[in-house]
Each structure stands twice: as structure tokens, then as C-alpha cells.
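After the C-alpha cells below, expect a handful of questions from me.
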Amino acid sequence: MQLFKKAKISILVASLALPSPAIATTYSDLPDIGTAAAGTLTVEKEIEYGDAYMRILRGSQPIVSDPLLSEYVSSLGASLLANANDVKTPFEFFLIRNRDINAFAFFGGHVALHTGLFLHAKTESELASVVAHEIAHLTQRHLARAMEQQARQSPLTMAALVGSLLLAIAAPQAGIAAAQATTAASIQSRINYTRSNEKEADRIGIETLSRSGFDANAMPTFFTRMADQYRFASTPPQFLLTHPLPDSRITDSRSRAQQYPQQSVPLSPNYQLARARVIARFAGIDSAAALDWFERQSKRASPALKQSMNYGKALVYIDSRQFDKATALLTPLLKQQPNNPFLLDAATDLDINQKKYDSAISRLNNALETQPNNAVLLLNRDYALVNAGRFKEAISGLLKYTHRYPADTNGWSLLQEASDSHGDRAGALAAQGELYALQGRWHKAINNYTQASQLVDLGSLDQARYDARIDQLRVEESRFNALQR
């Protein structure tokens, strides 16, 4: 399913050195480790800040809205959260389209991964090690603790520091300048504090990794490869700038990993498919370079790995409109795994590009009989219905989808398109209003709903619904603005 094509933008945030949020688990009987900032910044306030930052990111950074990749990283994150301690907030895992190797975590359980990680993490355990590390930053409240430390050593208040972080996410250079300390002593203190955080996140992350059934040695393995690859680079990747890897840290992580039982972790087909999808569509390389990468990898790949290489090549062929070649690769894969969402999504793209709408809809309906609540399949079917001109059916499905997944921009974007094409201008304005709200563009959101309310019948149920939403948006706008004071 292809909805959004966004330009590559670099991201710099106050990082500690990344469709539906995973559900948090509370461990009320465990000691409250590492929460020195509890008296200054409550968990509830962190959640509010996290929601605000996420809205700013949606409007300013190239967040990957691909439903398959969103589902994959959310599922990976949930499997780690199920085995983590001290989880006190909901979590949301998402991807940013950026070839730089980096990950960062911020208030309210938000973990962002750069797509560049998929280019360098050879196994799911290696990617999971990065996610586990970022989860540990959040469960130990390192960001809140670091900000409290800075507040004690600088003339800036906690409110000013929070504001500078908000600014750093919205406009990185300005934010970093605003948060700079004025003395070398305070800078050195912050570096030492961050290194302490990094070691703690490694220790806790490795424990979570092992308890979740991943290879505990994946963390030092990935760290070592990164350090070796960029040891003499004049401009190391952002990952090494925000997550310094001195030899002592790598040695320490290797020693800790060896304390856990060695376990053989089987190949993860979903990780390999997700990795192939990133390389085919989100790595910022042209089709020739992507095909060359898949061909080189296929020569030394196992049969299981070759399947993901063929999937990746099929995506490239679809995007370059070489449909016969794509069909030749996808057909045998679908015969082996007829209900695999990755393959069904690719087949949907292939059919829609060839205007075979009925074929796509029929295939997706068959798959939904066994996976009735699969978000990827539901969204693909609505996408196919919109392309087939069956707007009324699409709108019905998308109203249910957006109710279930209100933070998924894909659903609102499709609903706007379907409503517009169906002649429902008010519905299209309302859907676009939700997109604006997800980006924190409150004035535009309220204006859209005001227009929608004026278009429908006076005193109708639709008008009452739109007016009620305007009231909600104004309350949300007021809360959002209060966080920046």
C-alpha cells in the first residue's frame, strides 16, 4: 500500500547518549528505580509532553506512515515491553525516514527508530537490542533526571528546559542553542551523566533482551560493528554522537551479555521482510541500487532469506512499473504464504497499478475471514475500494478504522480522499481536520470543522457532532499551548 512519499530530512533532538501504541504494564510491587525526577516531573506530565512532541514531529519530520512497518515495530516493541520492568506509561514505537543510524526516546513512552538501522542491523535481535536500550532510557526516566540535573546547574528553570526540548524537536538548531550550558564545567557534568545513563540502559536493555527470547549478545555485537565501521570516520553517524561507544562500554556490555544463557534465536521472517521493505522503499536509493543490493544479498542467502530478497525485488519492480517481473516473483511467494500481510499488501499494490481492483478486493476479503481485525488488511481493502471508485463502502470501513486507530494518519488521509470523491465535502473537511490536529495545527483543525458544520443541515446530528469536536479541539489546543509557557 503506497500512500505517502516524503523527502529525506535529517533530525537532531535532545537525545540521551528512537498504528497503535503498545499497552504498558505496571509493576507496582517493584522498587521505583531511577526516578529521582519524580518530584519535579510527574509521569502524567511526561505523557502530556510526549503527546505534544509527537504532534510536532508529525508536522515537521518524515515519519514513516507505512502500515506494515508501523505494525512490525509496534509488535517488536510490545514483545520487549512484556518483559521489561518499571513500565509506567503507554508506549508508541515509530519510524523516521532517515538513512543515518540513530534511535531516540522521549517523554510519554515514545521510541523513534531511523530506517537506517535496518540497513545495518543484520538480525532482529540486533534491532531489538537498540529498542530495548531506548525502552530502558524511558523506564529509568533518564530524560527527566537529566533535565533535573541541568536545572540544578544552570540558571534555566525546569519549565525553560522542557520548553527548549520542545523547541529542539520543532526546530533542532534553535533548540540546541537555547539549551546550551554556559560553562565548560556544566557541559562536562552533562557528558558524564549521559555516559552513566548509557551504561544503565545497556544493562537493563540486555536483561530485557534476554528475557524476551532474543540473543543477549546482539547488543555488544551491533555496538562493536558500529564502532569498527566508523572508528576513523571524520563524520560518524548520529547514533555514535548521541550514543557514544568507548571501548569500556562495549567491553562492559559484552561481559554482561555473557552472564545470560546462550540461546539459538531462529531467523525472523517478518524482520527480514520489513528490512527488505525499508530498503526497497525507504532507504533513499534508486531502483537500480536497490535491485543490486538484493541481487548481491541473494547470492549468499539461505532459502528463507531469498524469499525476503525476492519480496524486496518485487516491490522495486512494482514501483518502477515492471509488473510482469513483479508478478513472477510474488506469485510463488503468495502460494506458500497466502495470508502473509506483507505479501498481500504487495499484491494489492500490483493489482491496483494494473486496475485489477476486483482481484485485490476479493483476495483481501478472503484473508480477512481468517484475520478479521488485521489493521493492515483492513486498510488495504479500504485503499482498494477507494481506487475502485466504491466510495460509500470505503467510507463505511474507514469510519470504523479511524475510530479504532485515531492516531493513524493513513486512515484519515484515505477517508478525506474517499469523502471528497463521494461528494461529501463536510466529511472530507472533518477528516483533514483530524490530520491537522495530529500535527498540533489546532487553528486549521478548528477552521476545518467550523466549515464542515456550516455545510451540513442546521440542527442535524452531523452538525452536533462537528460542533462537539470543535469544543474538544479548543480544550486540546489550550492544554497544548499551556505546555509551552
Side-chain angles (χ1 to χ4, degrees), residues 3-14 18-21 47-67 69-70 73-74 90 92-98 104 106-115 162-163 165-175 282 379 398 401-420 427-452 466 469-485:
L3 288 177
F4 297 102
K5 297 280 187 179
K6 294 188 178 179
K8 177 179 180 288
I9 302 175
S10 180
I11 181 170
L12 290 169
V13 299
L18 160 68
S20 303
I47 292 173
E48 288 184 38
Y49 280 123
D51 176 73
Y53 297 169
M54 193 66 214
R55 292 179 194 274
I56 291 172
L57 279 178
R58 289 193 193 103
S60 62
Q61 299 296 341
I63 291 177
V64 175
S65 55
D66 183 274
L69 295 176
S70 296
V73 296
S74 294
E92 181 173 1
F93 302 87
F94 63 98
L95 288 170
I96 289 177
R97 184 173 184 173
N98 194 317
F104 61 92
F106 61 92
F107 292 137
H110 294 87
V111 178
L113 305 172
H114 281 199
T115 51
V162 170
L165 179 58
L166 185 65
L167 181 60
I169 292 177
Q173 296 304 329
F282 300 100
L379 199 59
L398 287 164
Y401 183 89
T402 52
H403 179 74
R404 185 180 296 179
Y405 305 105
D408 186 356
T409 56
N410 290 309
W412 294 114
S413 180
L414 267 181
L415 182 57
Q416 178 189 354
E417 180 182 349
S419 299
D420 240 340
L429 283 165
Q432 186 183 46
E434 293 300 332
L435 287 170
Y436 285 139
L438 286 171
Q439 297 175 356
R441 301 166 71 180
W442 305 106
H443 179 74
K444 285 183 175 292
I446 291 169
N447 185 57
N448 266 45
Y449 267 102
T450 300
Q451 291 183 57
Y466 293 152
R469 184 60 178 138
I470 290 170
D471 292 339
Q472 291 174 343
L473 288 169
R474 284 176 176 154
V475 171
E476 291 180 34
E477 179 186 28
S478 177
R479 289 174 180 167
F480 183 87
N481 290 336
L483 293 175
Q484 301 177 68
R485 296 193 188 104

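All values derive from a computational prediction rather than experimental measurement.
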Exercise for the section: Verify, without hydrogens or angle tests, whether Asn481 (side chain) and Glu477 (backbone) share a donor-acceptor contact under 3.5 angstrom. Expected result: yes
Practice task
Report the distance from atom CG of Asp408 to atom CG of Leu379, rounding to the nearest 0.5 Å.
Solution key: 6.0 Å
Exercise for the section: Give, for atom CG of Asn448 and atom CZ of Arg441, the distance between the pair rounded to the nearest 0.5 Å. Expected result: 10.0 Å
Problem - 4.5 Å side-chain heavy-atom contact, Phe94 and Arg58 - result: no
Handout entry: Ring geometry between Tyr401 and Tyr405 (parallel below 30°, tilted from 30 to 60°, perpendicular above 60°)
Key = tilted
Problem - Main-chain N/O of Leu398 paired with Thr402 side-chain donor or acceptor, under 3.5 Å - result: yes
Handout entry: Glu417 and Leu414, any side-chain heavy atoms less than 4.5 Å apart
Key = yes
Problem - Where Thr409 and Leu435 come nearest, the two heavy atoms and their spacing - result: O-CD2, 3.6 Å
Exercise for the section: For Ala437 and Ala445, work out which heavy atoms get closest and say how close. Expected result: N-CB, 3.9 Å
Handout entry: N/O donor-acceptor pair under 3.5 Å between Trp412 side chain and Pro406 backbone
Key = yes
Completion exercise
Rounding to 0.5 Å, atoms CD1 (Ile47) and CZ (Phe107) come to a distance of 12.0 Å
Completion exercise
So OG of Ser70 and CZ of Phe93: to nearest 0.5 Å the spacing works out to 13.0 Å
Fill in the blank from the handout: One should read off an interatomic distance between Tyr466 OH and Gln451 CD, to the nearest 0.5 angstrom, of 12.0 Å
Practice task
Taking the side chain as every heavy atom from C-beta outward, state whether Met54 and Phe106 have any atom pair closer than 4.5 Å.
Solution key: yes
Handout entry: Rounded distance (nearest 0.5 Å) linking atom CZ of Arg469 with atom CD of Glu434
Key = 4.0 Å
Fill in the blank from the handout: Hits for side-chain contact (heavy atoms from CB on, under 4.5 Å) against Asp471, two or more places apart or cross-chain, chain-then-number order -> Arg474
Handout entry: 4.5 Å side-chain heavy-atom contact, Phe282 and Leu69
Key = yes
Exercise for the section: Using atom types as modelled and distance alone, determine if a side-chain donor or acceptor of Asp51 lies under 3.5 Å from a backbone N or O of Gly108. Expected result: no
